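Just so it is clear, the model here is predicted, and its values are computed rather than measured.
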Amino acid sequence: MNTPLIDPFQRAIRYLRVSVTDRCDFRCVYCMSEQMTFLPKAELLTLEELDRMCSTFIRMGVEKLRITGGEPLVRRGILTFFNAMGRHLESGALKELTVTTNGSQLARFANDLAAAGVRRINVSLDTLDEEKFAAITRWGRLPQVLSGIDAAQKAGLRVKINAVALKGFNEDELFRLVEWCAERDMDLTFIEVMPMGDIGNENRLGQYWALSDLRARLAENYSLLDLAERTGGPARYVKLEETGQKIGFITPLTHNFCESCNRVRLTCTGELFMCLGQEDNADLRAPLRANPETDAPLEEAIRAAIARKPKGHDFDYTRQELGGQMSRHMSHTGG
Ligand code: SAM
Ligand code: SF4
């Protein structure tokens, strides 16, 4: 095992999330405005640069890689990258390669992802109602995503559904979503809306549905058993005793998860964010591009960045204004 990167609070950094594109074939209302401006292509790390970047992190002790975006599966040639990361799985340096996707391209890619060594994927799905799905994603279509999920399960991928909890939107689907996931043997995680990026005219506070409330409603129909399981991220899990199902809650706003945070995030332009809720970042593209022959300056830049990883985030809805509002979009940092 490689010696891990250790931050100033003695947290070992084992988990890298990589946004491989800021582009997306959907326009979810809580994530982007409909007239989203995307980055010029030259700003993006090439697939070769992504490989160098991730391989360097893996050499420095990262064991889990999650590929996200934007929509990672709309990046041209992305399978080349997944296949290339397969060599780190084979060597044992990388323990897990995963993807967070909106599911739209899964029918096309599920088998290839499985062949590349991906075993588990997260699919974001907030509603099972076709009309509501089209409304919340603006450009997405539910049947396409459902056949993507079918293809993923058929390919042997373990699927977890991520649903953003939205007040007045999917509150009435809570039990339907739980039951649907149980029928299909999929785990389910609810995410609280976070204040990320300009989303046009949507009212973020209006969208906010506290997961403490969601959990209390769940407890009306099921017995919830708190699980000790921690992933180093903001998720907490319960087991529904009646079905044996695992349900996750991602609550960065109502609970502080930072003390066990083991992750950093790389944007598609090569900025490293040491915390999802802080603006501080390090430009890793410059040392990478300036030194095609050696990774030493990149490694040095990574070490210097990790030495600045903050203790925690500043999100705060309690003052009933958008405290800690972040100017960048989730599609930039990759969620
Ligand atoms: N396009 C892929 C997808 O939707 O799964 C990957 C990128 S997306 C930015 C990653 C996750 O962030 C999705 O589950 C999405 O629902 C979530 N997300 C986006 N904007 C959010 C926000 N403002 N608050 C909370 N979650 C958000
Ligand atoms: Fe695209 Fe994912 Fe953002 Fe929706 S949440 S717009 S699918 S990046």
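Salt bridge annotation for Arg285-Glu49: absent, with no cationic side-chain nitrogen under 4.0 angstrom from a carboxylate oxygen. Between Arg217 and Asp172 there is no salt bridge, since no side-chain nitrogen of the basic residue lies less than 4.0 Å from a carboxylate oxygen of the acidic one. A salt bridge links Arg14 with Glu63; the closest basic N to acidic carboxylate O contact falls under 4.0 Å. A salt bridge links Arg59 and Asp295; the closest N-O separation between the charged side-chain nitrogens and carboxylate oxygens is under 4.0 Å.
Checked by atom type and distance alone, the side chain of Asn281 pairs as donor or acceptor with a backbone atom of Glu279 at under 3.5 Å. Judged by distance alone, with hydrogens and angles left aside, the side-chain atoms of Asp25 form no donor-acceptor pair with the main-chain N or O of Trp139 at under 3.5 Å. Not one N or O on the side chain of Asp187 forms a donor-acceptor pair closer than 3.5 Å with the backbone of Lys160. Remark: the backbone N or O of Arg141 is not paired with any side-chain donor or acceptor of Glu130 at under 3.5 angstrom. Judged purely by atom type and a 3.5 angstrom limit, Arg138 uses its side chain to pair as donor or acceptor with the backbone of Arg27. Here the side chain of Glu192 pairs a donor or acceptor atom with the backbone of Leu211 at under 3.5 angstrom. Listed for the Asp51 side chain is no donor-acceptor partner under 3.5 Å among the backbone atoms of Ala84. Looking at Ser91, its side chain does come within 3.5 Å of a backbone N or O of His88 through a donor-acceptor pair. When atom types are taken as modelled, the side chain of Gln105 and the backbone of Val74 share no donor-acceptor pair closer than 3.5 angstrom.
Judged by distance alone, the side chains of Thr68 and Arg265 never bring a donor and an acceptor atom under 3.5 Å apart. In summary, the side chains of Thr127 and Asp129 do not present any donor paired with an acceptor at a separation below 3.5 Å, with no hydrogens or angles considered. Side-chain contact check for Thr21 and Glu71: no donor-acceptor pair (N or O, by modelled atom type) lies under 3.5 Å. Defined by atom type and a distance below 3.5 Å, a donor-acceptor pair is missing between the side-chain atoms of Glu96 and Thr98.
We find the OG1-CG distance between Thr137 and Asn102 to be 8.5 Å, quoted to the nearest 0.5 Å. Here the OG1-CG distance, from Thr269 to Asp22, works out to 8.5 Å after rounding to the nearest 0.5 Å. Note that CG of Asn170 and CG of Leu128 are 10.0 Å apart. Values are rounded to the nearest 0.5 Å.
Around CZ of Arg308, the count of heavy atoms belonging to other residues, nucleotides or ligands within 6.0 Å exceeds 12. Counted within 6.0 Å of CD on Glu300, heavy atoms from surrounding residues, nucleotides or ligands total 12 or fewer; the atom is thus considered open. Atom CD of Glu242 has more than 12 heavy atoms from other residues, nucleotides or ligands within 6.0 Å. The local environment of NZ in Lys132 is crowded, with over 12 non-hydrogen atoms from other residues, nucleotides or ligands closer than 6.0 Å.
Phe175 and Leu240 fall within the same hydrophobic cluster, where Ile, Leu, Val, Met, Phe, Trp and Tyr residues are linked whenever their side-chain heavy atoms come under 4.5 Å apart, directly or through other members. Under the 4.5 Å side-chain heavy-atom criterion for ILVMFWY residues, no single connected hydrophobic cluster contains both Ile6 and Val264. Note: the hydrophobic cluster containing Val123 also contains Leu142 (ILVMFWY, side chain heavy atoms under 4.5 Å, direct or indirect links). Using a 4.5 Å cut-off between side-chain heavy atoms of Ile, Leu, Val, Met, Phe, Trp and Tyr, with links allowed through other members, Trp180 and Leu174 fall into the same hydrophobic cluster. In this structure, Leu225 is not a member of the same hydrophobic cluster as Val178, with clusters built from ILVMFWY side-chain heavy atoms closer than 4.5 Å.
Between Phe273 and Gln278, the shortest heavy-atom contact is CD2-O, 3.7 Å. In terms of heavy-atom proximity, Ser147 sits nearest to Ala107 at O-CB, 4.5 Å. Nearest heavy-atom pair, Tyr30 versus Ile136, reported as atom, atom and distance to 0.1 Å: CE2-CG1, 4.0 Å. When all heavy atoms are compared, the tightest approach of Thr294 to Arg52 is O-NH2, 3.3 Å. Closest non-hydrogen pair, Cys54 versus Phe81, comes out as SG-CZ, 3.7 Å. Ala282 and Ala305 make their closest contact through CB-CB, 3.6 Å (heavy atoms, listed as atom of the first residue, atom of the second, distance).
The shortest side-chain heavy-atom distance between Leu5 and Ile302 falls under the 4.5 Å cut-off. Proximity of Asp280 to Pro310: side-chain heavy atoms (C-beta onward) are nowhere separated by under 4.5 Å. Side-chain atoms of Leu47 and Ile78, non-hydrogen and from C-beta on, do get closer than 4.5 Å to each other. Using a 4.5 Å heavy-atom threshold, the side chains of Ile121 and Leu106 count as touching. Contact of the Ser55 side chain with the Arg87 side chain is registered, since non-hydrogen atoms from C-beta on lie closer than 4.5 Å. You'll find the side chain of Lys64 stays beyond 4.5 Å of the side chain of Arg263, heavy atoms only. Annotation: side chain of Ile67 is not in contact with side chain of Met85 (no heavy-atom distance under 4.5 Å). Using a 4.5 Å heavy-atom cutoff, the side chains of Val118 and Phe109 are not in contact.
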* To do: Given side-chain contact (heavy atoms from CB on, under 4.5 Å), test Val18 with Met53 step by step and report yes or no.
  => CA-CA 10 Å; Val18 185; Met53 202 69 99; over 6 Å; no
- Task: Report the C-alpha distance between Ile13 and Phe57 in whole Å, list the side-chain angles of each, state the deciding distance to 0.1 Å, and finish with yes or no for side-chain contact (heavy atoms from CB on, under 4.5 Å).
- Result: CA-CA 10 Å; Ile13 308 306; Phe57 272 99; 5.9 Å; no
Tell me, with the steps shown, if Ile247 and Tyr222 meet side-chain contact (heavy atoms from CB on, under 4.5 Å).
CA-CA 11 Å; Ile247 306 278; Tyr222 296 99; over 6 Å; no
### Message
Between Leu16 and Leu272, is the side-chain contact (heavy atoms from CB on, under 4.5 Å) condition met? List the steps.
### Response
CA-CA 10 Å; Leu16 177 67; Leu272 187 72; 4.2 Å; yes
* Begin from the C-alpha positions of Arg215 and Asp226 and carry the test salt bridge (Lys or Arg N to Asp or Glu O under 4.0 Å) through to its verdict. => CA-CA 11 Å; Arg215 190 193 150 113; Asp226 279 304; 3.1 Å; yes
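With a 6.0 Å cutoff to the six-membered ring centre and a 45° limit on the axis angle, Lys309 does not count as a cation-pi contact of Phe9.
Between Phe249 and Phe190, the ring planes are parallel. Angles under 30° get that label, and only those over 60° would be called perpendicular.
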